[in-house]
Structure formats: structure tokens, C-alpha cells
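Read through the structure below, which is laid out as C-alpha cells, and then see the notes.
Because the structure is a prediction, the values reported are computed rather than measured.
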Amino acid sequence: MHSHLHTAYNINCEEIMTALDECHARGFIYKALGNCNDIKREVNRCLAGERYERAKHNRDQAKEKRKRIEKIWADERALEMGGGSAGATNTGAGNGEK
């Protein structure tokens with residue numbers, strides 16, 4: 001049924017997805033009468049849980065990356081302020097002497 005869902009990302013849902021495939025293989029009438037609905041809900045719940053975990057992991061990685069980048073930016077600003085003010089003073093003094 002959902003061949004594109006049988007991926008490494010959803011490996012924890014493999015059993016439930018296979019059960020749904022088997023349920024659907026019993027035939028259209030069996031499926032149409034709602035006999036697979038409970039399994040389908042379990043698949044949806046499992047896939048949503050997997051998606052939530054992946055999103056949480058990605059969010060946590062993004063936060064860590066952002067912290068590193070902001071630290072680099074802060075360090076660069078500190079260097080510019082320290083080096084930039086000394087350079088401006090020297091340049092201003094040089095202009096005043098001429």
C-alpha cells in the first residue's frame with residue numbers, strides 16, 4: 001500500500017504497516033466495511049510519532065548550530081570593536097596632523 005513509507009525513517013512502524021498491507025490484501029469488501037480502520041489509525045499514530053521525533057531532533061540540531069554561529073558572530077563583533085576603535089583613533093590623529 002504505502003511502499004514509499006517503508007523507509008529507514010519509519011523502521012519502527014514496519015510491523016504495523018505490514019499488517020495494514022495484509023489487511024488490505026484481504027480484498028476490497030473487507031477493507032470497505034472498515035475492518036482495517038483500527039490498523040490504519042495505528043499506522044497514522046506511529047508515523048506521526050516518528051515524524052515528531054525527527055522534527056524534534058532537527059530542531060535541537062538547528063538550535064545548537066545557531067548557538068555556535070551566534071558565538072562566532074559575537075567574537076567577530078568583539079574583534080571589530082577592539083581593532084576598529086584603535087584604527088579609527090590612529091586614522092583620526094593622522095588626519096589632524098596634516
Side-chain angles (χ1 to χ4, degrees):
M1 181 187 140
H2 294 291
S3 60
H4 62 285
L5 294 178
H6 291 274
T7 64
Y9 293 121
N10 301 323
I11 196 74
N12 294 332
C13 302
E14 189 75 28
E15 268 184 49
I16 301 168
M17 289 189 294
T18 302
L20 182 61
D21 289 341
E22 291 169 0
C23 186
H24 285 176
R26 290 183 179 177
F28 173 75
I29 297 297
Y30 190 82
K31 182 171 59 170
L33 292 175
N35 292 319
C36 300
N37 289 352
D38 291 338
I39 298 171
K40 175 65 175 168
R41 283 187 204 97
E42 288 180 43
V43 168
N44 289 342
R45 198 173 307 123
C46 182
L47 292 176
E50 291 294 311
R51 187 172 47 253
Y52 174 79
E53 289 299 321
R54 278 194 313 274
K56 182 179 181 300
H57 176 72
N58 290 340
R59 233 182 347 266
D60 292 344
Q61 280 186 329
K63 284 179 184 177
E64 290 300 317
K65 185 176 181 180
R66 181 68 184 202
K67 284 180 186 176
R68 286 194 311 267
I69 290 171
E70 286 181 358
K71 183 183 180 318
I72 291 169
W73 289 343
D75 292 346
E76 286 179 358
R77 276 193 297 267
L79 286 174
E80 287 176 1
M81 295 300 249
S85 63
T89 306
N90 289 341
T91 307
N95 288 339
E97 291 179 6
K98 286 184 178 177

Quiz item: Hey, what do you get for NZ (Lys40) to SG (Cys23), rounding to the nearest 0.5 Å?
Solution: 11.5 Å

Exercise. Supply the atom-to-atom distance Arg41 CZ to Ile39 CD1, rounded to the nearest 0.5 angstrom.
Key: 11.0 Å

Practice problem: Measure the spacing between CG of Asp75 and CD of Glu70 and express it to the nearest 0.5 Å. | Solution: 12.0 Å

Self-check item: Test side-chain contact (heavy atoms from CB on, under 4.5 Å) applied to Glu14 and Asn10, step by step
Solution: CA-CA 7 Å; Glu14 189 75 28; Asn10 301 323; over 6 Å; no

Side chains of residues 45-57: which donor-acceptor pairs under 3.5 Å do they make with residues two or more places apart or in other chains?
{"unit_1": "Glu50", "atom_1": "OE2", "unit_2": "Asn12", "atom_2": "ND2", "d": "3.1"}
{"unit_1": "Lys56", "atom_1": "NZ", "unit_2": "Asp60", "atom_2": "OD2", "d": "3.4"}
{"unit_1": "His57", "atom_1": "NE2", "unit_2": "Gln61", "atom_2": "NE2", "d": "3.3"}

Quiz item: Quick one: CD on Glu15 to CE on Met17, what's the gap to the nearest 0.5 Å?
Solution: 10.5 Å

Quiz item: Taking atom CG of Asn44 and atom CD1 of Ile16, what is their separation to the nearest 0.5 Å?
Solution: 10.5 Å

Quiz prompt | Contact check, side chains of Cys36 and Leu20, non-hydrogen atoms, under 4.5 Å | solution = yes

Practice problem: To the nearest 0.5 Å, tell me how far Met81 CE sits from Arg77 CZ. | Solution: 9.5 Å

Quiz item: Salt bridge check: are Arg68 and Glu64 linked by an N-O gap of less than 4.0 Å?
Solution: no

